[in-house]
Visitor: 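Right, I'll just put the structure down here and ask away after.
In listed order, ligands and their atoms are each counted from 1.
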Amino acid sequence: MKIAVLSGKGGVGKTMVAVNLAAIAQQVAYVDCDVEEPNGRLFLKPEGVARESVCTLLPEFDASKCTGCRRCVEFCRFNALVYIKEKPLVFPEVCHACGGCQLACPEGAVCEKERPVGCVERGQHGSVRVITGILNAGEASGVPVIKAALRAGDAHGGLEIIDCPPGSACSVMESVASADYCLLVAEPTAFGFHNFQMVYELASLLGKPCGVVINKMDAPYDPLERFCETNGLPILLRIPYSRQLARLAANGEIIAEKDMEYAGQFNRLLEKIGGVRR
Ligand code: SF4
Ligand code: SF4
């Protein structure tokens with residue numbers, strides 16, 4: 001089973017929920033797809049980390065074969081190519097590595113070379129396999145790294161907890177596409193609720209069953225509660241705003257490993273979702 005943990009925006013507590021679920025589940029792969037800011041490793045502190053580079057393919061142009069027909073430029077739907085100074089020029093950060101310009105070239109003047117865009121780390125936290133996708137700074141798309149991290153999670157087999165990027169962009173769609181269940185982490189504020197609705201819409205479009213965790217809750221936020229009720233969204237856990245939890249998180253601690261009451265709550269959350277039970 002694959003459980004995707006999502007939130008409409010950053011800072012809601014998505015990673016906190018994901019790492020606590022992983023710690024409770026044990027015999028699980030925690031896959032950090034939040035590749036621009038992969039923070040799960042700060043809590044899980046994996047040991048024996050091995051790193052593997054992730055590359056995409058970038059077109060290269062052979063000036064001796066190029067006739068200047070510009071078919072490659074016309075083909076590129078991503079506007080990653082321009083024809084300048086009598087040769088095609090590619091913008092690497094915009095290129096989606098679709099290979100289309102190579103197919104479009106009638107002269108065989110386009111070949112491809114590998115370009116590193118990030119890496120995937122594999123390590124261990126007790127019985128939790130910790131897989132972390134890390135995107136190189138300045139890269140526009142995290143999708144190749146997310147795909148590589150998810151492949152590593154699939155290779156592990158069994159239960160997977162996928163820590164998705166925040167928001168509802170294409171990187172989130174990629175992270176959620178193969179998930180069996182979406183756990184939506186919400187913040188009981190107007191801003192948090194607005195973004196929560198967007199991520200719920202995404203999960204619904206993909207036809208995923210969903211449940212909700214409300215974090216930092218000191219009082220019920222009526223619009224959020226009503227929205228969940230109207231849409232038949234079960235609220236599976238309410239985590240109060242507390243100094244103790246904030247202190248544990250700030251120290252990089254996993255709450256369920258420090259507090260038996262929360263260990264029980266995350267265990268029940270896992271049971272409700274249908275994951276592995278302790
Ligand atoms: S590989 Fe695809 S996206 Fe990249 S430059 Fe060629 S046509 Fe454009
Ligand atoms: S399609 Fe081929 S020949 Fe035409 S401009 Fe592009 S690289 Fe040159």
Visitor: What protein heavy atom is closest to atom 3 (S) of ligand 2, reported as residue, atom name and distance in Å?
Guide: Thr67 N, 3.5 Å

Visitor: Checking a contact table here: which protein heavy atom is nearest atom 8 (Fe) of ligand 1, and how many Å away?
Guide: Cys76 SG, 2.4 Å

Visitor: For the residue pair Tyr200 and Phe196, does the interplanar ring angle fall in the parallel (under 30°), tilted (30 to 60°) or perpendicular (over 60°) class?
Guide: parallel

Visitor: With heavy-atom distances below 4.0 Å as the criterion, list the atoms of ligand 1 near Phe78.
Guide: 3 (S)

Visitor: Relative to the ring of Phe78, is the ring of His96 parallel (under 30°), tilted (30 to 60°) or perpendicular (over 60°)?
Guide: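 Taking Phe78 first and then His96, their aromatic rings lie parallel (interplane angle under 30°).
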
Visitor: Please determine whether Cys69 has a backbone or side-chain N, O or S atom lying under 2.8 Å from atom 2 (Fe) of ligand 2.
Guide: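 Of the N, O and S atoms in Cys69, none lies under 2.8 Å from atom 2 (Fe) of ligand 2, which means no.
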
Visitor: Does a donor on one side chain and an acceptor on the other come within less than 3.5 Å for Thr132 and Asp32?
Guide: no

Visitor: What residue and heavy atom of the protein are closest to atom 2 (Fe) of ligand 1, and at what distance?
Guide: Cys98 SG, 2.3 Å

Visitor: Could you tell me whether Glu114 atom CD has more than 12 heavy atoms of other residues or ligands within 6.0 Å of it?
Guide: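 At most 12 heavy atoms, drawn from other residues, nucleotides or ligands, come within 6.0 Å of this atom.
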
Visitor: Provide the number and element of each atom of ligand 2 under 4.0 Å from a heavy atom of Cys66.
Guide: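 Every atom of ligand 2 under 4.0 Å from some heavy atom of Cys66: 3 (S), 5 (S), 7 (S), 8 (Fe).
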
Visitor: Please name the pair of heavy atoms, one in Val176 and one in Cys182, separated by the smallest distance, quoted to 0.1 Å.
Guide: CG1-SG, 3.6 Å

Visitor: Please list the nearest protein heavy atom to atom 4 (Fe) of ligand 1 with its residue and the distance rounded to 0.1 Å.
Guide: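 Result for atom 4 (Fe) of ligand 1: Cys95 SG, 2.4 Å.
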
Visitor: Would you mind running through ligand 2 and noting each atom that sits below 4.0 Å from a heavy atom of Phe61?
Guide: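 It comes down to these atoms of ligand 2: 7 (S).
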
Visitor: For Arg70, which part has a heavy atom under 4.0 Å from ligand 2: side chain, backbone, both, or neither?
Guide: backbone

Visitor: Can you confirm whether more than 12 heavy atoms, excluding those of Lys147, are under 6.0 Å from its NZ atom?
Guide: no

Visitor: For atom 5 (S) of ligand 1, find the nearest protein heavy atom and state the residue, atom name and distance (0.1 Å precision).
Guide: Leu81 CG, 3.6 Å

Visitor: Identify, for atom 6 (Fe) of ligand 2, the protein heavy atom at the shortest distance, and state residue, atom and that distance.
Guide: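 For this ligand atom, the closest protein heavy atom is Cys72 SG, 2.4 Å.
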
Visitor: Got an N, O or S from Cys101 under 2.8 Å of atom 6 (Fe) of ligand 1?
Guide: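 It does: Cys101 brings an N, O or S atom closer than 2.8 Å to atom 6 (Fe) of ligand 1.
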
Visitor: Around atom NZ of Lys45, are there more than 12 heavy atoms from other residues, nucleotides or ligands closer than 6.0 Å?
Guide: yes

Visitor: Around Glu37, counting heavy atoms of other residues, nucleotides and ligands shown, do more than 12 lie under 6.0 Å from its CD?
Guide: no

Visitor: Please list the nearest protein heavy atom to atom 1 (S) of ligand 1 with its residue and the distance rounded to 0.1 Å.
Guide: Gly99 N, 3.3 Å

Visitor: Which heavy atom in Leu236 sits nearest to a heavy atom in Lys272, and how many Å separate them?
Guide: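 The answer is O-NZ, 3.0 Å.
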
Visitor: Which atoms from ligand 1 have a heavy atom of His96 less than 4.0 Å away?
Guide: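 In order of number, 3 (S), 4 (Fe).
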
Visitor: Under the criterion side chain to side chain contact (heavy atoms under 4.5 Å, CB included), which of Val28, Ile162, Ile161 is the partner of Ile3?
Guide: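 Per the side chain to side chain contact (heavy atoms under 4.5 Å, CB included) rule, the option paired with Ile3 is Ile161, out of Val28, Ile162, Ile161.
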
Visitor: Using a strict cut-off of 4.0 Å, indicate which atoms of ligand 2 neighbour a heavy atom of Glu107.
Guide: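 Ligand 2 atoms under the 4.0 Å threshold to Glu107: 3 (S).
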
